[in-house]
Protein chains: 2
Amino acid sequence: MTQSGRKQPGHQGPETGIQLGRLDEFIGFRLRRIQNQLSRDFAAATADRNLRSGLFSSLAIIAANPGISQNELSGAVGLDKSITVQIVDELEKRQLAVRKRSQTDRRRHALFATDAGQTYLDELFDIMARTEDIVLHQLSRAELGLLRELLDRMYQAFDQKGIPL
Amino acid sequence: MTQSGRKQPGHQGPETGIQLGRLDEFIGFRLRRIQNQLSRDFAAATADRNLRSGLFSSLAIIAANPGISQNELSGAVGLDKSITVQIVDELEKRQLAVRKRSQTDRRRHALFATDAGQTYLDELFDIMARTEDIVLHQLSRAELGLLRELLDRMYQAFDQKGIPL
DNA sequence: GACAGATTGTTGAATTAATCTACTATATAT
DNA sequence: ATATATAGTAGATTAATTCAACAATCTGTC
């Protein structure tokens with residue numbers, strides 16, 4: 001259960017006279033503080049929905065990859081497969097997604113989003129978009145494109161070195 | 001206790017043929033995936049050190065703000081004050097920081113990093129720097145500066161709207 | 001075709017983290 | 001002096017994560 005009001009501790013907003021010291025050197029830190037605030041805002045905006053942690057991204061990945069297996073989903077979302085089981089259980093209970101036994105490999109569960117799931121997902125995407133808007137309006141369209149590109153380039157770095165799973 | 005090997009599930013590295021769908025539109029998603037991988041890598045690199053979750057950033061903030069109160073620390077790091085108590089307890093037990101009663105307001109505990117704490121912190125910063133290196137080498141110096149600037153601009157957006165605490 | 005070994009999904013136990021409430025001591029304002 | 005607010009602490013509750021064990025099924029090898 002998430003709380004509804006704006007009562008969370010919250011990352012310190014800027015302008016509080018707190019020194020960051022060497023922490024300020026790291027982009028990881030900058031990424032985290034923004035990302036934390038964004039997910040707090042998103043959580044607040046979806047507080048009524050009883051959204052457990054990996055559910056949104058799991059549903060999104062399922063919708064974008066019809067027939068994906070739970071194992072692949074785990075890898076894509078970055079969750080342990082035992083957590084994925086729980087999430088898919090809940091998605092099914094809420095009728096947002098379904099498991100179908102794969103005919104070619106009967107160990108696998110092929111996952112599909114239902115229509116209701118797709119609708120639900122679109123709502124969440126809209127909330128997410130509104131949440132990000134606050135932050136995105138600080139950037140011009142060109143800057144946003146550039147940011148995207150830089151972030152992607154950074155992410156690809158993880159490709160080079162040995163990546164788990 | 002964190003595990004030492006590279007055994008974690010891990011965010012899916014790029015290049016796995018998984019479609020992201022609309023998830024791909026959001027910078028929050030891009031921020032998170034990089035940040036997740038970075039903290040995984042950092043956790044792996046410090047697995048021997050028994051680092052509980054907010055400890056590193058708390059110590060960093062204390063070192064950069066000698067005499068800061070626990071409450072201010074909570075706000076700066078984004079943790080509930082009851083968690084901060086635990087963290088400061090551990091910092092003291094490990095002799096990385098000390099509490100001193102404020103003379104002017106005897107409710108407050110003024111926090112200070114010890115020399116050992118500062119040394120420890122520097123080690124962590126170095127590990128952090130090495131962790132980020134992998135990702136940072138994808139960017140030119142100019143791009144890195146720009147990225148920093150864009151991220152800061154984004155973070156400041158949270159200033160405008162009402163920020164919790 | 002049978003066996004060994006790997007993989008998928010599942011369960012439950014154990015650990016850890018986050019949240020919330022209530023309480024004590026001290027401070028500030030009236 | 002009294003009321004109200006704040007800093008720090010403790011404990012209970014809940015959620016999230018990790019880990020190990022297991023059954024079913026597949027794959028390759030003989």
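So that the names make sense, note that chain A is the first sequence line, chain B the second, and so on, each numbered from 1.
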Q: Is it possible for you to say whether A/L73 and A/V85 belong to one hydrophobic cluster, with membership spreading through side-chain heavy-atom contacts below 4.5 Å?
A: no
Q: How many whole angstroms separate atom CD of B/E72 from atom C1' of D/dA7?
A: 10 Å
Q: Please identify each residue that fulfils side chain to side chain donor-acceptor pair (under 3.5 Å) with A/E25, with sequence neighbours left out.
A: A/R22
Q: Going by the side chain to side chain donor-acceptor pair (under 3.5 Å) test, which pairs reach into residues 125-137 of chain B, not counting sequence neighbours?
A: none
Q: Let's see if you get this right: which residues in residues 87-100 of chain A place a heavy atom under 4.0 Å from DNA chain D?
A: none
Q: Rounding to a whole Å, what distance do you find between B/K81:NZ and C/dT24:P?
A: 14 Å
Q: Any salt bridge linking A/R94 with A/D89? Criterion: basic side-chain nitrogen under 4.0 Å from a carboxylate oxygen.
A: no
Q: Between atom CD in B/Q86 and atom C1' in C/dT16, what is the gap in whole Å?
A: 11 Å
Q: Tell me which residues in residues 104-111 of chain B lie within less than 4.0 Å of DNA chain D, going by non-hydrogen atoms.
A: B/R107, B/R108, B/H109
Q: Tell me whether B/R108 contacts the main-chain N or O of B/S102 through its side chain, where contact means a donor paired with an acceptor under 3.5 Å.
A: no
Q: So which nucleotide from D/dT17, C/dA18, D/dA7 ends up closest to the side chain of B/I83?
A: C/dA18
Q: Start at the 5' end of DNA chain D and walk down; is the nucleotide closest to A/R52 or to A/S102 reached first?
A: A/R52
Q: With a non-hydrogen cut-off below 4.0 angstrom, is A/S82 in contact with a base, only sugar-phosphate, or nothing?
A: base
Q: Answer yes if the side chains of B/D152 and B/Q156 hold a donor-acceptor pair under 3.5 Å, and no otherwise.
A: no
Q: Would you kindly give the CG-to-P distance between A/L51 and D/dT14, to the nearest whole Å?
A: 20 Å
Q: Pair up each side-chain donor or acceptor in residues 51-58 of chain B with any protein partner under 3.5 Å, not counting sequence neighbours, and list the distances.
A:
| residue | atom | partner | partner atom | Å |
| --- | --- | --- | --- | --- |
| B/S57 | OG | B/G54 | O | 3.3 |
| B/S58 | OG | B/G54 | O | 2.8 |

Q: Return the 5'-most residue of the pair A/S53, B/Q70 with respect to DNA chain D, ranking by each residue's nearest nucleotide.
A: B/Q70
Q: Can you figure out which of C/dT10, C/dT8, D/dT18 approaches the side chain of A/N71 most closely?
A: C/dT8
Q: Separation of B/D80 atom CG from C/dA22 atom P, in whole Å?
A: 15 Å
Q: Got a salt bridge between B/E72 and B/K81, using NZ or NE/NH1/NH2 to carboxylate O under 4.0 Å?
A: no
Q: Specify the separation, in whole Å, of atom CG of B/L79 and atom C1' of C/dC20.
A: 15 Å
Q: Quick one: which residue pairs count as a ring pair (Phe, Tyr, Trp, His ring centres under 6.0 Å) with a foot in residues 72-91 of chain B, not counting sequence neighbours?
A: none
